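On a predicted model such as this, the values are computed, not experimentally measured, just so you know.
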Amino acid sequence: MQRITLSIILSLCAVHGAELGAPLRENVQSVIAAPYLQLHQEFLRIHHELVLCLDQVHDKQTADKMAVSITELTTRLQHLHRQEQKLPAPPASVQQQLKKHQHRHDYKGLCEKGVGKAIELTYEQPEPCYGSASLQIALDSLLREFCN
């Protein structure tokens, strides 16, 4: 359906391009970029939620409690990866938009906070995940999914 819509829009651009100019090109660009930006925003939400979840882990009880939330994040991440694989490689112009979006939202910093804390809890504690086997399993799955 999206390809049909894009074909129609591109046909209109070819016929009326000179009349419609930059506003139409910007709208076409927005339509093309929309599915990529939606995925990117959901990736950001997952990273943000990971940070919030891991900030609540202070002992075995809170670690056990957060294991369920981390498992849910992993499931959402797997779903996003499947959606991403269905999309063709984004055009260069969309890649530029995604980079701007990443910088605007400090994607790198957010990733480092969430994934860094997950690695710290899993590998750098005297007792991984405060002794919570369920959180350790959940974080191992999440970290593997981030690596995909």
For His81, the ring-ring contact (aromatic ring centres under 6.0 Å, His included) test, sequence neighbours excluded, returns Phe43

When the side chains of residues 67-74 are checked against the rest of the protein, which donor-acceptor pairs come out under 3.5 Å, sequence neighbours left out?
| unit_1 | atom_1 | unit_2 | atom_2 | d |
| --- | --- | --- | --- | --- |
| Thr71 | OG1 | Ala67 | O | 2.9 |
| Thr74 | OG1 | Ile70 | O | 3.0 |

Sequence neighbours excluded, every pair satisfying salt bridge (charged side-chain N to carboxylate O under 4.0 Å, His left out) that has a member inside residues 30-40:
none

Taking ring-ring contact (aromatic ring centres under 6.0 Å, His included) as the definition, give me every residue that meets it alongside Tyr36, ordered by chain and number, with sequence neighbours left out.
none

Considering only distance and modelled atom types, tabulate donor-acceptor pairs under 3.5 Å from the side chains of residues 136-143, sequence neighbours left out.
| unit_1 | atom_1 | unit_2 | atom_2 | d |
| --- | --- | --- | --- | --- |
| Ser141 | OG | Ile137 | O | 3.3 |
| Ser141 | OG | Arg144 | NH2 | 3.4 |

Just verifying a value: how many Å separate Leu50 CG and Phe146 CZ, rounded to the nearest 0.5 Å?
5.5 Å

Please list, chain by chain and in numerical order, all residues satisfying side chain to side chain donor-acceptor pair (under 3.5 Å) with Lys65, sequence neighbours excluded.
none

Look at the side-chain heavy atoms of Ile, Leu, Val, Met, Phe, Trp and Tyr, link any pair under 4.5 Å apart, and say whether Val115 and Leu52 land in one connected group.
no

Here the pair of heavy atoms bringing Pro128 nearest to Thr122 is CB-O, 3.4 Å

Who pairs with Lys117 by side-chain contact (heavy atoms from CB on, under 4.5 Å), at least two apart in sequence or on another chain?
Leu54, Glu120, Leu121

Is the closest side-chain heavy-atom distance between Asp64 and Ser132 below 4.5 Å?
yes

For Gln83, the side-chain contact (heavy atoms from CB on, under 4.5 Å) test, sequence neighbours excluded, returns Leu39, His79, Leu80

Kindly write out the residues that satisfy ring-ring contact (aromatic ring centres under 6.0 Å, His included) with Tyr130, not counting sequence neighbours, or none if the list is empty.
none

Between Lys60 and Gly131, what is the shortest heavy-atom contact and its length?
CE-O, 3.5 Å

Neighbour count above 12 (heavy atom, 6.0 Å) for Gln78 CD:
yes

Keeping to residues at least two apart or across chains, list the side chain to side chain donor-acceptor pair (under 3.5 Å) pairs with something in residues 47-57.
Glu49-Arg76

Pairwise side-chain contact, Arg45 with Glu42, heavy-atom cut-off 4.5 Å (strictly under):
yes

Tell me, please, which residues at least two apart from Thr62 pass side chain to side chain donor-acceptor pair (under 3.5 Å).
Asp59

